[in-house]
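Since this is a predicted model, take the numbers as computed values, not measurements. Because only heavy atoms are used, hydrogens play no part in the values below, and waters and symmetry mates are left out as well, while side chains stay in.
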Amino acid sequence: MKAVAAIVLLVISNVFMTLAWYGQLRFKFFQGLSLWGIILVSWGIALIEYLFMIPANRIGFAGTGGPFSLLQLKVIQEVLSLLVFTIFTTLFFKTEALRLNHLYGAIFLVLAVYCMFKK
């Protein structure tokens, strides 16, 4: 159960982080803001991300009673980050297209996760 909770929290945190980093490139709300305004709004969004990321790491890390080693937890986070980013990009940036090389990269990411969990 801790594994599922940690992964769900990581997905949510990555959604907010992707919005904080890349939302300003897409959404019209940001166009009227100065660079400092965009930074402040992005920091606010990133704060929400931290409200999910920190508990995800505490719940998921074996050193605090979770099921994952620190390396496993980080690889899970990175794969989820790329997955969330890919979904965000294909939904909100119609100029970006998924290609075969992206599929190959995704396959290697799955292999990386496999290797991290192999005993």
Side-chain angles (χ1 to χ4, degrees):
M1 193 61 178
K2 286 186 175 189
V4 172
I7 290 170
V8 168
L9 289 170
L10 287 172
V11 169
I12 295 169
S13 75
N14 277 289
V15 168
F16 281 104
M17 202 64 211
T18 300
L19 286 172
W21 287 1
Y22 302 103
Q24 50 93 16
L25 299 174
R26 174 64 176 100
F27 299 113
K28 292 182 182 189
F29 165 79
F30 288 97
Q31 290 176 356
L33 298 176
S34 68
L35 180 59
W36 284 108
I38 293 169
I39 291 169
L40 290 174
V41 170
S42 294
W43 276 353
I45 296 168
L47 175 63
I48 298 169
E49 182 262 346
Y50 274 83
L51 295 174
F52 292 97
M53 177 63 77
I54 300 304
N57 286 328
R58 299 231 14 118
I59 292 167
F61 178 50
T64 55
F68 305 119
S69 73
L70 195 56
L71 291 171
Q72 290 171 334
L73 195 58
K74 183 59 180 173
V75 168
I76 292 168
Q77 189 278 327
E78 291 299 333
V79 169
L80 291 174
S81 177
L82 289 169
L83 179 64
V84 167
F85 176 77
T86 301
I87 293 168
F88 179 84
T89 300
T90 55
L91 290 176
F92 294 108
F93 289 89
K94 301 301 181 189
T95 58
E96 301 290 327
L98 293 177
R99 295 188 176 83
L100 196 53
N101 62 315
H102 300 130
L103 175 62
Y104 296 149
I107 290 168
F108 283 118
L109 287 172
V110 171
L111 288 172
V113 172
Y114 171 78
C115 291
M116 291 302 292
F117 283 86
K118 188 164 174 42
K119 301 275 181 196

Item to check | Shortest non-hydrogen separation from Ala20 to Ser42 and the atoms involved | outcome: O-OG, 3.0 Å
Checklist entry - How close do Ala6 and Gly60 get, heavy atom to heavy atom, and via which atoms? => result CB-CA, 3.7 Å
Checklist entry - Between CG of Asn57 and CG of Leu73, what distance do you get to the nearest 0.5 Å? => result 5.0 Å
Next on the checklist: Please say yes or no: joined through hydrophobic side-chain contacts below 4.5 Å, possibly via intermediate residues, are Val75 and Leu71 part of one cluster?
Outcome noted: yes
Checklist entry - Side chains of Phe52 and Val11: does their closest heavy-atom pair fall under 4.5 Å? => result no
Checklist outcome for this item: Taken to the nearest 0.5 Å, the spacing of Ile48 CD1 from Ile12 CD1 works out to 12.0 Å
Checklist entry - Is the OH atom of Tyr50 crowded by more than 12 outside heavy atoms at less than 6.0 Å? => result no
Checklist entry - Is there a side-chain contact (heavy atoms from CB on, under 4.5 Å) between Met53 and Leu10 once you walk through the steps? => result CA-CA 6 Å; Met53 177 63 77; Leu10 287 172; 3.5 Å; yes
Checklist entry - If you look at every heavy atom in Asn14 and Val84, which pair is closest and at what distance? => result O-CG1, 3.7 Å
Checklist entry - Is the backbone N or O of Gln77 less than 3.5 Å from a side-chain atom of Ser81, with the two atoms forming a donor-acceptor pair by type? => result no
Checklist entry - Got a donor-acceptor contact below 3.5 angstrom from the Gln72 side chain to the Met116 backbone? => result yes
Checklist entry - Among the clusters formed by ILVMFWY side chains lying less than 4.5 Å apart, do Leu83 and Leu91 turn up in the same one? => result yes
Item to check | ILVMFWY network linking Phe68 to Leu111, side-chain heavy atoms under 4.5 angstrom | outcome: no
Next on the checklist: Walk me through whether Phe93 and Leu25 qualify under side-chain contact (heavy atoms from CB on, under 4.5 Å).
Outcome noted: CA-CA 9 Å; Phe93 289 89; Leu25 299 174; 3.9 Å; yes
Checklist entry - Do Val15 and Val8 share a hydrophobic cluster (ILVMFWY, side-chain heavy atoms under 4.5 Å, transitive)? => result yes
Checklist entry - For Phe85, what residues pass the side chain to side chain contact (heavy atoms under 4.5 Å, CB included) criterion, not counting sequence neighbours? => result Thr18, Tyr22, Thr89
Checklist entry - Going through the checks in order, is the side-chain contact (heavy atoms from CB on, under 4.5 Å) test met by Phe29 and Val41? => result CA-CA 10 Å; Phe29 165 79; Val41 170; 4.0 Å; yes
Next on the checklist: Test side-chain contact (heavy atoms from CB on, under 4.5 Å) on Leu19 and Phe92; report intermediate values, then the result.
Outcome noted: CA-CA 11 Å; Leu19 286 172; Phe92 294 108; 5.8 Å; no
Checklist entry - Nearest 0.5 Å, what's the CD1-CD1 distance between Ile54 and Ile59? => result 11.5 Å
Checklist entry - Looking at Ala97 and His102, what are the two nearest heavy atoms and their distance? => result O-CE1, 3.4 Å
Item to check | Connected via hydrophobic side-chain network under 4.5 Å: Leu100 and Phe108 | outcome: yes
Checklist entry - If you measure from CG on Leu47 to CZ on Phe16, what distance do you get to the nearest 0.5 Å? => result 10.5 Å
Checklist outcome for this item: What one should report as the nearest heavy-atom pair of Gly66 and Lys2 is CA-CD, 4.3 Å
Item to check | For Ile76 against Phe117, the heavy-atom pair lying closest together | outcome: CD1-CZ, 3.5 Å
